[in-house]
Amino acid sequence: MCVNAVCAAESGICIKKQQQDVMGFLAANKIEYEECDIAANEANRKWMRENVPEESRPATGNPLPPQIFNEEKYCGNYEAFFDAREDNAVYAFLGLTAPPGSKEAEAQAKKAQQ
């Protein structure tokens, strides 16, 4: 499985920092990902807009990057990623198995014992 981080090379400072945060986390944790730039590739922009679920779209306008997918499955936007990271649940958020020894794997093992 490959995580897709949909981003925009040409974007504002806030969006750029969010994109760097997501991709930095993925790289640091050796999670394979592909960066899909919507600013330079119209097909990527169209794909992102078509694949963000209706309930996850903003009330007005189009969804903004970063949007995170696992292959074709929508995982969430930056806020959902941030919340998952704060809760030590990023692997579950991404639809991946947490590696042994990680905080997330330990939390899952504790939960299973209860």
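A chain of hydrophobic side-chain contacts below 4.5 Å, direct or via other Ile, Leu, Val, Met, Phe, Trp or Tyr residues, connects M23 to F82. Placement of Y74 and F93 in two distinct hydrophobic clusters is found when ILVMFWY residues are connected by side-chain heavy-atom separations under 4.5 Å, directly or transitively.
Considering only heavy atoms from C-beta on, N77 stays 4.5 Å or farther from I68 through its side chain. Within the 4.5 Å cutoff, the side chain of C36 has no heavy atoms near those of the M48 side chain. Residues L94 and L26 have side chains in contact (heavy-atom distance under 4.5 Å, counting atoms from C-beta outward). Q19 is not listed as a side-chain neighbour of E35, based on a closest heavy-atom distance of 4.5 Å or more. A heavy-atom distance below 4.5 Å is not found between the side chains of V52 and V6. Taking 4.5 Å as the limit, some side-chain heavy atom of P63 sits within range of a side-chain heavy atom of P58. Counting heavy atoms from C-beta on, the side chains of F25 and I31 come closer than 4.5 Å. Looking only at side-chain heavy atoms (C-beta outward), Y91 and P99 come within less than 4.5 Å of each other.
In terms of heavy atoms, Q18 sits closest to P65 at OE1-O, 4.3 Å. The two atoms that bring I38 and R45 nearest to each other are O-NH2, 2.8 Å, heavy atoms only. Taking each heavy atom of A98 and S102 in turn, the nearest pair found is CB-OG, 3.7 Å. The two residues N88 and E104 have their closest heavy-atom pair at O-CG, 3.0 Å.
Under the salt bridge (charged side-chain N to carboxylate O under 4.0 Å, His left out) criterion, the residue pairs touching residues 21-30 are D21-R85, with sequence neighbours excluded. Under the ring pair (Phe, Tyr, Trp, His ring centres under 6.0 Å) criterion, the residue pairs touching residues 33-57 are W47-F69, with sequence neighbours excluded.
Note: K73 NZ to N4 CG = 12.5 Å, rounded to the nearest 0.5 Å. Here the CZ atom belonging to R57 is positioned 5.0 Å from the CD atom belonging to E54, to the nearest 0.5 angstrom. Rounded to the nearest 0.5 angstrom, S56 OG and N51 CG are separated by 12.0 Å. Note that the CD atom of Q108 and the CD atom of Q113 stand 12.5 Å from one another [nearest 0.5 Å]. In this structure, the separation between SG on C7 and CG on L64 is 13.0 Å, given to the nearest 0.5 Å.
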What verdict does the side-chain contact (heavy atoms from CB on, under 4.5 Å) test give for L96 and V3, after you've listed the backbone C-alpha separation in whole Å, the side-chain angles of each residue and the deciding distance to 0.1 Å? CA-CA 9 Å; L96 302 173; V3 173; 4.1 Å; yes

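In this structure, D37 contributes its side chain and A39 its backbone to a donor-acceptor pair below 3.5 Å.
With salt bridges taken as basic N to acidic carboxylate O contacts below 4.0 Å, none links K103 and E106.
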